[in-house]
Amino acid sequence: MKHLLKLGDLSSQEIFELLELAEKLKYEQKNNIPQSYLKGKTLGMIFEKSSTRTRVSFEVGMHQLGGYPLFLSSNDLQIGRGEPVNDTARVLSRMIDGIMIRTYEQQEVEDLAKYGSIPVINGLTDYAHPCQVLADLLTIKEHKGNLDGIKICFVGDGNNMANSIIVGCIKAGMKVAIACPETNQPDSEIMKWANETGNLLVTDDILSAAKDSDVLYTDVWASMGQEDEAEERKKIFKGYQINDELMAVAKEDAMVLHCLPAHREEEITAKVFEEHADEIFDQAENRLHAQKAVLVKLLG
Ligand code: CP
Ligand code: NVA
């Protein structure tokens, strides 16, 4: 494993190894065991979109591992003024040890990896959010005891989260149902791959998708970059909501996850959110532990 660009690049074995490493790092941190695995290493973090969890978890994670995190806003970088990605990649490769990037186009992340000579980590693109799903898998494993055969139902937009959930969860042995409007399905290549495994259901029938689920998951109706479409999207996704009615068809002990930020009374009711807040904030915390595993694996 040289980069983390998308989960499709990882084998099931590599995903399981990252989860085991994350569990070990989490245990060490909780027990104040020193973790200087990345002493003297620098991670450049390029942000072309906003972030709370991704920025804080990478920054704190690097610090806990004895390394140095360098926050690089695209507002300040020459990349924001049109310097080509392949030049940026070659310059950064001469000065730092790894790059985390949050941007729009998946191609930009792939190009950074192609033209640079240091590990690149995708901190969210319009196509994928692999770091989030590693944290999600860690959280499901902690709460359910295992991943094999666990059913997850994602409700809402067939977006970056839906794409990464399909790939990551199926590779981890889970069954995935996506409840979304026909006009907003996940990436077609990903659906094709997943359909061949026999472990994916994509439907606009929310109740049948959620039936007997172990995990219900949702995300905002309008992602970053789609702010102008927010009002129209409220109409498209009306009803694609985790609420009591949906909880009633899932398994009795079903857990609820949300990558955050959440829009209460849109994709999830405030009631369900608060009833499952422990799971949702465990999930947020696990961004730190899962990403530390990625950092140790790639930069260590
Ligand atoms: N879930 C997530 O990536 O959160 P941020 O956008 O705050 O980083
Ligand atoms: N789909 C959301 C996820 C945020 C973590 C977005 O791209 O804005």
Side-chain angles (χ1 to χ4, degrees), residues 4-7 22 43 45-62 69 71-74 99-109 121-140 152 154-169 178-181 184-187 190 215 217-230 232-234 236-237 240-242 256-264 266-268 273 276-277 279-292 294-295:
L4 178 58
L5 309 179
K6 53 187 181 296
L7 292 174
L43 177 76
M45 312 188 300
I46 304 175
F47 282 92
E48 301 192 29
K49 289 174 173 172
S50 304
S51 171
T52 297
R53 282 144 287 269
T54 305
R55 174 169 177 190
V56 175
S57 53
F58 269 107
E59 195 157 332
V60 170
M62 270 310 276
F71 176 72
L72 301 165
S73 160
S74 62
I99 303 172
M100 183 250 89
I101 177 166
R102 164 168 289 197
T103 188
Y104 295 86
E105 298 281 326
Q106 179 71 17
Q107 193 58 49
E108 189 177 343
V109 179
I121 300 167
N122 179 352
L124 181 146
T125 60
D126 293 344
Y127 173 77
H129 198 0
C131 293
Q132 179 68 57
V133 170
L134 290 174
D136 301 342
L137 290 170
L138 181 62
T139 314
I140 296 166
I152 185 168
F154 176 89
V155 180
D157 189 14
N159 60 11
N160 43 11
M161 280 314 316
N163 288 339
S164 291
I165 286 169
I166 292 172
V167 178
C169 292
I178 306 285
C180 64
N184 293 73
Q185 291 188 338
D187 179 79
I190 288 179
V215 186
Y217 196 125
T218 191
D219 181 19
V220 291
W221 291 341
S223 286
M224 288 181 277
Q226 298 173 332
E227 289 79 4
D228 293 351
E229 302 166 24
E232 191 191 331
R233 284 177 163 266
K234 278 183 192 165
I236 297 172
F237 293 105
Y240 287 87
Q241 183 189 65
I242 302 188
V256 175
L257 296 178
H258 193 310
C259 54
L260 303 175
H263 290 187
R264 289 166 176 77
E266 289 187 16
E267 75 274 4
I268 189 166
F273 185 96
H276 292 271
E279 294 149 6
I280 293 168
F281 292 106
D282 278 352
Q283 176 190 14
E285 178 192 326
N286 279 336
R287 293 293 304 279
L288 173 67
H289 309 298
Q291 282 157 207
K292 280 168 75 180
V294 173
L295 290 168

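Counting starts at 1 for both ligands and their atoms, following the listed order. What you see below is based on every heavy atom in this structure, not just the backbone, and it leaves out hydrogens, waters and symmetry mates.
- Note: an N/O pair closer than 3.5 Å links C259 and ligand 1 by distance alone.
- Minimum heavy-atom separation, W221 to R233: O-NH1, 2.7 Å.
- Within the 4.0 Å heavy-atom shell around ligand 1 one does not find K49.
- Among the atoms of T54, some N or O lies under 3.5 angstrom from an N or O of ligand 1.
- Looking only at heavy atoms of the protein, atom 6 (O) of ligand 1 is closest to R102 NH1, 2.8 Å.
- Taking a cut-off of under 4.0 Å to the non-hydrogen atoms of H129, the atoms of ligand 1 that pass are 2 (C), 3 (O).
- Ranked by closest heavy atom to atom 4 (C) of ligand 2, the top entry among L124, D126, N163 is L124.
- R53 NE, 2.8 Å is the protein heavy atom nearest to atom 4 (O) of ligand 1.
- Contact between L260 and ligand 1 is present, with at least one heavy atom of the residue lying under 4.0 Å from the ligand.
- Backbone and side-chain nitrogen or oxygen atoms of H129 are examined, and none is located within less than 3.5 angstrom of a nitrogen or oxygen of ligand 2.
- When only non-hydrogen protein atoms are considered, atom 8 (O) of ligand 2 lies nearest to M224 N, 2.8 Å.
- Residue K49 has no N or O atom closer than 3.5 Å to an N or O atom of ligand 2.
- Counting protein heavy atoms only, atom 2 (C) of ligand 1 is closest to R287 NH1, 3.2 Å.
- Ligand 2 has a nitrogen or oxygen under 3.5 angstrom from a nitrogen or oxygen of D219.
- Proximity of L260 to ligand 2 is established by a heavy-atom distance of less than 4.0 Å.
- Atom CD1 of I165 and atom CD1 of I190 lie 11.0 Å apart (nearest 0.5 Å).
- Checking Q283 against D136 by side-chain atom types alone, a donor-acceptor pair falls below 3.5 Å.
- Within ligand 1, the atoms closer than 4.0 Å to a non-hydrogen atom of T52 are 5 (P), 7 (O), 8 (O), numbered from 1 in the order shown.
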